[in-house]
Structure formats: C-alpha cells, structure tokens
Amino acid sequence: MEKRLGRDFYRQDVVSLSRALLGKIICVRGDEGLKRARIIETEAYGGANDKAAHSYNNRRTARTEVMFWDGGHVYVYLIYGMHYLFNVIANRENIPEGVMIRCARALEGNLVLNGPGKVTKYLGIDRKHYGLDLTKADNIYMIDDDYPVGEIFAGKRINIDYAGEDKERLWRFYLKK
DNA sequence: GTACCGATGTTCT
DNA sequence: GAACATCGGTACC
C-alpha cells in the first residue's frame, strides 16, 4: 500500500527522521512527467548546536529561513555554483533541522543517483521548490510503500571539514548497495 | 583505490 | 573576496 507521508512523520528530531526517510520515495512532477526515486542515503544536519549546519547557532537568513519552519518543508540551495541540494526539514517550527538526501535509486530504470547533486538533477529539483510543503504540494511529495529497509548503517558525514568536532558525528545513514 | 583540479554562482563576512 | 553539505575528469598507484 502506498501512502503520502504526513506532518507527524516529519515532526521527529533530525536523526530519527534521517533514519526514517531511508526507503521512502521522493516524487516530483515536472515538465518531463513524474520522476521517482527511493532514498538510500541521508545525512542529518542539526540546528543550533551543529557546526556543520547552515543554521548553526540559530543563524537565520534569507537562505536558512525555511529551516525554521515546521517539519515537512523543502530546503533547496545551490552549492559550488552548479548543484542544487535537496533537504527535508525536520522537527517543529523554530527548531532548524534538516535531512540532506545524499543518495537514491531512480524507480524508472533502477539508475543509482550516488550524490546529492545527481539526485536533484534527475528529479528536476531546483530553487522553485524552495519552501514547498511536502504534505501539501502537488508537484513534490514523499510516499511510503512499506519497502523492507533491512539493516541501517551509519558513518561520518561527507565534506564538512570546516565543522570541527561535529564532523565526527555518525550522522550519515545508508542502506547496503 | 586515492589525489588533485576546474567549473560556477550565491551567500555571508 | 572567500567559502562552499559537488561532480566529472585526469593522473597515478
């Protein structure tokens, strides 16, 4: 059975949500029709106390604004001038936490999207999705189809050398290939 | 497998 | 003006 994930699902702390999102399906409707991908790797970005997060120390700017919104909103930003990264906002209003989707598998063709920039490129996610609500939007949402996830592995997050001791946190979660 | 490199544009200091 | 939650390429081992 397939069902759309609702608000309560997203209102978890960011580490719990990062694990819970594994195996779920991202659906995006765009110019080329419906694209879907199953999440197989995530990273948690904590709020005020995580030096790796854009919202570290509750930094609130035009870019990080959506991180302070209720769980289930979409945070998209451009990195290195060419790649959009897709994040799912966790927890509740004014607790700025987000889950980065690092790796997924396209349902159409079984293509492996091994990198956050490849995930957004395949799905067609860009700045127009910034701030949308995954529980309400008709062009971007998440589906639970009761996929058997199996064992979840954990490791250090990637490319956050600037984060000091927080780079040691085991906040990357993934399923076996 | 690891190591570097350039491309590219927005954000924040 | 520096930094950046990346990628695809080349080089080498």
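By convention in this document, chain letters (A, B, ...) are assigned in the order of the sequence lines, proteins followed by strands, and residues within each chain are numbered from 1.
Residues A:H129 and A:Y84 bring no donor and acceptor atom of their side chains to less than 3.5 Å of each other. With 3.5 Å as the limit, one finds a donor-acceptor pair spanning the side chains of A:E43 and A:Y45.
In this model, the phosphate group of B:dT11 is not approached by any side-chain N or O of A:T61 to a distance below 4.0 Å at OP1 or OP2.
Interface limits on DNA chain C: the 5'-most and 3'-most nucleotides within less than 4.0 Å of chain A heavy atoms are C:dC4 to C:dG8.
Following rounding to the nearest Å, A:Y130 (OH) and B:dT10 (P) show an atom-to-atom distance of 15 Å. The nearest whole Å value for the distance from the CG atom in A:N159 to the P atom in B:dA3 is 13 Å. Atom OH in A:Y75 sits about 15 Å away from atom P in B:dT10, given to the nearest Å. For the pair A:D126 CG and B:dG9 C1', the computed distance is 14 Å after rounding to whole Å. Summarising the geometry, the separation between CD1 on A:I79 and P on B:dC12 is reported as 12 Å, rounded to the nearest angstrom. Distance CZ (A:R60) to P (B:dC12): 13 Å, rounded to an integer number of Å.
Aromatic ring orientation, A:H54 versus A:Y77: perpendicular (interplanar angle above 60°, classes split at 30° and 60°).
Place A:K121 and A:L78 on DNA chain C by their nearest nucleotides, and A:L78 ends up nearer the 5' end.
Residue contacts for A:R102: at a heavy-atom cut-off of 4.0 Å it reaches the sugar-phosphate backbone alone, with no base atom in range.
Ion pairing of A:K3 with A:D144 is present here, as a side-chain N (NZ or NE/NH1/NH2) and a carboxylate O approach within less than 4.0 Å. A salt bridge links A:R36 with A:E108; the closest basic N to acidic carboxylate O contact falls under 4.0 Å. Using a cutoff of 4.0 Å between basic side-chain nitrogens and carboxylate oxygens, A:D166 and A:R157 are not scored as salt-bridged.
Of the candidate nucleotides B:dT8, B:dC12, B:dT10, B:dT10 has the atom nearest to the side chain of A:R127.
Remark: A:R63 fails to qualify as a cation-pi partner of A:Y130 under the 6.0 Å distance and 45° angle criteria applied to the six-membered ring.
Shown here, C:dC7 forms a base pair with B:dG6; the pair counts as Watson-Crick or G-U wobble because both key distances fall under 3.5 Å.
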